[in-house]
Amino acid sequence: MQIIKDRAIVEDDWHHVENGEALPDGKIIVTLDRWREERDALIGRKNSGLGIQLSSDQEAKDIADDLEHFEVVSLHFPVFRDGRPFTTARLLRERHGFAGELRAVGDVLRDQIFYMHRCGFNSFVVREDRSVEDALKAFDDFTITYQSAADEELPLWRRRG
Amino acid sequence: MYQYDKFDHQLLTERNRQLRDQVERRLRGEISETEFRPLRLMNGLYLQLHAYMLRVAIPYGMLSSAQMRQLAYIARRYDRDYAHFTTRQNIQYNWPKLEELPDLLDDLAKVEMHAIQTSGNCIRNISTDQFAGVAGDEIEDPRPYAEIMRQWSTFHPEFSYLPRKFKIAFTGATEDRAAVAFHDLGFKLVKNDAGEIGFQVLAGGGMGRTPMVAKVVREWIPKKHLLSYAESIMRIYNAYGRRDNMYKARIKILVHELGIEEFRREVDEDFENTLSQSLTLDDAEIARMQAYFTAPDYEDLPATDDSVDMLLESNKRFRQWYERNVTPHKVPGYSIVTISLKVAGVAPGDTTADQMDAIADLADEYSFGELRTTHKQNLVLSDVPLAKLPELWNKLKALSLGAANVEALTDIICCPGLDYCQLANARSIPISQQISDKFDDLDYVHDLGDLRLNISGCINACGHHHAGHIGILGVDKKGEEFYQITLGGSPGNDASIGKIMGRAFSGDDIVPAIEKVIDVYLENRQPEEPFLACYRRIGMDPFKERVYADH
Ligand code: SF4
């Protein structure tokens, strides 16, 4: 499957593991429940990447102390109107210093991607029925932003010069 | 007034390009109405009963005469020669076509205006005291802070998909004319014990089906923390505001369910770990914004004027207009004039394109080319030389804008109601017109003094009925339009929510019931006692007894 990562279209090599599913080899993303239940087993896996996925009602602080274990944190948008993952993303990046891949999954649409990017998301699993190429255009929607956020340390008034 | 620089212009250009693309994708059928809806709503475009309605932002109610003329041009070019001023200090067009929306927005951008965030679950247009900068009771002009907040909240990446809409108000005066306590978030400029000016922060006020008066989150924060503290409040709301039920999604419900102490604790915890120190305002930025809102070149004028005094003596109509529509100015020899848009036979807030052009001319001639809109759907000329008042009054009368009823019974706040709004239970504009017709005796209305009558067509309370001394609420009774009366609401320093009097009235009975309410007031009032004070003294019962006597 093709996704957007760091503003380019790439083939996704991560596997989202369902809750009942046996743990496969390779790069996997598990739910918070699975992480809590099988923490040691997951840390013990050798030569394979680990990521975690939060639903929109789970919070940055739920994983803040464990971030060192994750290459990917994936935040799920059940509907694009659910704005909680925007907050979770900023907190992970700006408060908890997460530097790995922050991915948006679920109802991920072109018209929200610019904001997602500003909040610290750097990879996007665009909704299946939508064009990934089209979504890529979202990054160019604006060149001017008033606020500081994960992508920009200073608010515009400190940059006006 | 604030002036756009190259960054603001660039952003607006990019926004209009983005929206043009979204509209074209919608017209080509590439995106569904379900997906287009939040996009158009983020840009003030509603689908109403008959057509689209576009709400244009007037940031904190400030307009230049050039902007007013452009709004008139747009009314002619894209609408039916009129527009409607709203209770959020904004302006609405009722008949724009989707195909023409991108061009309309480009025309607005020419005068530094837009429709950004005038709807949708985001931070809406910020409102303030309509007398900011000219009122005698002001601690500090709130407009520079409102502009700082406007920029910070525009396309905020984290707070554009909130649980529900979010309204912010500022005041810098001791008398709250901005209904701050009925906003999701309110900032009052106040002094602390050391005499330093900062903000009192209130949250969780609102109207709608669960009206609440806002609670104080912080008695005082330094001005420099305006944005960082606001950001923490927004973050707690975004994270924990209810998303399961749209009627419980406003911040007032979160504050209510958590309790103000717990809400404050959450906010303060986030604030202590603020994400970016760069949000802390510095003196240079505050001074830069203040420089946009400096006083105009006032002349040294005498504090009184003989010709005005003579006319006040000799002409009762002028005197009534002066007492109702003219407010003292902080600079001697100047006055603040409110132009009432509550004209008999016209929907509250409606203005024709010709009137708008004429008002722009009056602003140029008498008030340094600036205008303000008010949450009571009127307009303000904020800097009129005292000696010019008779001349201005005559010109306003010639434009049918001489109504002497500001803050009086016929200065009605009224939502669009069933004539325009899909959600309505009942018509509201015709009721307001019946009341204006019924109480057409100027002397009688003048004698009643300050009396707020507000009408909403349904429980969403866009007509602020909860905050009316007398409120009228449209309800549906077995498919028929009925009206409930509330008494005792107030939006000001003594903010309170009106109480329901009892059974609702039919469309035929509502105006007679209002008459009875007023009779009870007239019979019971003490000398100089306004309606609200009288109601608070004598309570609901005398009103109830009279109004329901023959039922
Ligand atoms: S109060 Fe109700 S009827 Fe009136 S404008 Fe609001 S939603 Fe429509």
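Hydrogens, waters and symmetry mates play no part in the numbers below; they use all other heavy atoms, side chains included. In what follows, every chain begins at residue 1, and chains take the letters A, B, ... in the order their sequences are listed.
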Answer with side chain, backbone, both or neither: which region of [X] has an atom nearer than 4.5 Å to a non-hydrogen atom of chain A?
X	result
B:Leu281	both
B:Asn273	both
B:Ser153	backbone
B:Leu279	both
B:Arg288	side chain
B:Ser276	side chain
B:Gln18	side chain
B:Arg150	side chain
B:Asp270	both

Minimum heavy-atom separation for [X] to [Y], with atom names?
X	Y	value
B:Pro157	A:Phe86	O-CD2, 3.5 Å
B:Leu275	A:Arg95	CD2-CB, 3.7 Å
A:Trp157	B:Leu227	NE1-CD1, 4.1 Å
A:Asp111	B:Tyr161	O-OH, 4.3 Å

Note: [X]-[Y] ion pair, threshold 4.0 Å (strictly below):
X	Y	value
A:Arg90	B:Glu231	yes
B:Asp282	A:Arg158	yes
B:Arg17	A:Asp140	no

Worksheet item: Do we see a donor-acceptor contact under 3.5 Å between the side chains of B:Glu14 and A:Thr143?
Response: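 Judged by distance alone, the side chains do pair up.
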Discussion item. As a test of understanding, state which of A:Thr145, A:Leu156, A:Ile144 forms a side-chain contact (heavy atoms from CB on, under 4.5 Å) with B:Leu11.
Written reply: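 The single option meeting the side-chain contact (heavy atoms from CB on, under 4.5 Å) with B:Leu11 is A:Ile144.
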Worksheet entry | side chain to side chain contact (heavy atoms under 4.5 Å, CB included) between A:Tyr146 and B:Phe7, worked out | CA-CA 9 Å; A:Tyr146 282 126; B:Phe7 298 101; 5.8 Å; no
If we ignore hydrogens and angles and just use 3.5 Å, is the side chain of [X] paired with the main-chain N or O of [Y] as donor and acceptor?
X	Y	answer
B:Glu158	A:Arg118	no
A:Thr87	B:Ala239	no
B:Asn238	A:Gly83	yes

Worksheet item: Do A:Phe142 and B:Phe155 have ring centroids that are under 6.0 Å from one another?
Response: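 Aromatic pair counts; centres sit under 6.0 Å.
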For [X], is it the side chain, the backbone, both or neither that has a heavy atom under 4.5 Å from a heavy atom of chain B?
X	answer
A:Gln147	side chain
A:Arg159	backbone
A:Phe114	neither

Discussion item. Do B:Arg25 and A:Arg110 make a side-chain contact, defined as non-hydrogen atoms from C-beta onward lying under 4.5 Å apart?
Written reply: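 Side-chain contact under 4.5 Å: yes.
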Worksheet item: For the candidates B:Arg243, B:Glu30, B:Lys6, B:Met42, which exhibits the highest count of non-hydrogen atom pairs separated by less than 4.5 Å from chain A?
Response: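 Max contact count across the listed options: B:Arg243.
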